[in-house]
Amino acid sequence: MALETENLTLHRSTVAKGVEAVFNDNSKGRYYVANAGEQIIGCMLNTFEWSDWRNGTFVWFQSVWVEPAWRNQGVFKHMYDYVKDMVRESDELKGLRLYVFHSNQKAQNVYQALGMESESYRMFEWVKPSA
């Protein structure tokens with residue numbers, strides 16, 4: 001996914017350890033998969049951000065992936081709607097957020113079609129160089 005969307009090659013062992021950490025500690029996040037029979041056709045990671053302004057938690061969509069053959073068939077919409085319904089039914093959950101690579105127009109179109117809006121803030125980050 002990182003290679004396709006950002007032309008970024010990740011370290012396989014680092015990613016494997018990161019995925020394992022989520023499975024070992026669900027406070028770090030939750031993975032969801034979409035399947036067609038026995039075949040996994042999509043996946044995503046949800047992480048959580050506390051908002052003191054709203055006294056509640058935002059759910060972040062991360063690592064969203066749909067198999068190319070299944071794109072434009074509502075796979076992500078189904079996963080998105082599932083999480084959105086959880087937020088609607090919860091007093092503690094306040095909303096949904098995601099970030100998208102600036103040049104990934106296809107993904108931006110999908111998110112806008114689902115009713116998400118480009119927010120007022122720009123994300124900045126500093127990432128420690130790999131050793």
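All figures in this text were calculated on a predicted structure; none of them were measured in a lab.
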Minimum heavy-atom separation for Ala107 and Val100, please, with both atom names. CB-CG2, 3.8 Å
Checking Phe101 now: which residues fulfil ring-ring contact (aromatic ring centres under 6.0 Å, His included) with it, not counting sequence neighbours? none
Does one hydrophobic cluster hold both Val64 and Met86, with members joined at side-chain heavy-atom distances below 4.5 Å? yes
hydrophobic_cluster_shared for Phe48 and Val19, side chain cutoff 4.5 Å: no
Using side chain to side chain donor-acceptor pair (under 3.5 Å) as the criterion, list what pairs up with Asp85, not counting sequence neighbours. Arg88
Return the set of residues passing ring-ring contact (aromatic ring centres under 6.0 Å, His included) with Phe23 (not counting sequence neighbours), or none when no residue passes. Tyr31
Tell me, please, which residues at least two apart from Glu89 pass side chain to side chain donor-acceptor pair (under 3.5 Å). none
Under the salt bridge (Lys or Arg N to Asp or Glu O under 4.0 Å) definition, can you give me all pairs with a residue in residues 100-123, not counting sequence neighbours? none
Could you give the side-chain donor-acceptor pairs of residues 69-80 under 3.5 Å, partners two or more places apart or in another chain?
from	atom 1	to	atom 2	distance (Å)
Arg71	NE	Val66	O	2.8
Arg71	NH1	Glu4	OE2	2.8
Arg71	NH2	Glu4	OE1	3.2
Arg71	NH2	Glu4	OE2	3.4
Arg71	NH2	Val66	O	3.1
Gln73	NE2	Ala69	O	2.9
Lys77	NZ	Asp81	OD2	2.6

I'd like to check the side-chain contact (heavy atoms from CB on, under 4.5 Å) partners of His102; sequence neighbours left out, ordered by chain and number. none
Name all residues meeting the side chain to side chain donor-acceptor pair (under 3.5 Å) criterion together with Glu92; count only those two or more places apart in sequence or in a different chain, and write none if there are none. Thr57
Pairwise salt bridge (Lys or Arg N to Asp or Glu O under 4.0 Å) hits with a residue in residues 19-35, at least two apart: Asp25-Lys28
With hydrophobic residues grouped by side-chain heavy-atom distances under 4.5 Å, do Tyr99 and Leu96 end up in a single group? no
Output side-chain donor-acceptor pairs under 3.5 Å for residues 32-47, partner residues at least two apart or in another chain, one line each.
from	atom 1	to	atom 2	distance (Å)
Asn35	ND2	Gly37	O	3.3
Asn46	ND2	Trp60	O	3.4
Thr47	OG1	Gln62	NE2	2.5

Through direct or indirect side-chain contacts below 4.5 angstrom among Ile, Leu, Val, Met, Phe, Trp and Tyr, which residues connect to Met1? Trp65
Please, which pairs that meet salt bridge (Lys or Arg N to Asp or Glu O under 4.0 Å) have at least one residue in residues 41-55, sequence neighbours excluded? Glu49-Arg97
Do Tyr111 and Phe58 land in one hydrophobic cluster if side-chain heavy atoms of ILVMFWY residues count as linked below 4.5 Å? no
Same apolar cluster (I L V M F W Y, side chains within < 4.5 Å links), Val15/Phe61: no
Would you kindly say whether Asn109 and Gln105 are connected by a side-chain donor-acceptor distance under 3.5 Å? yes
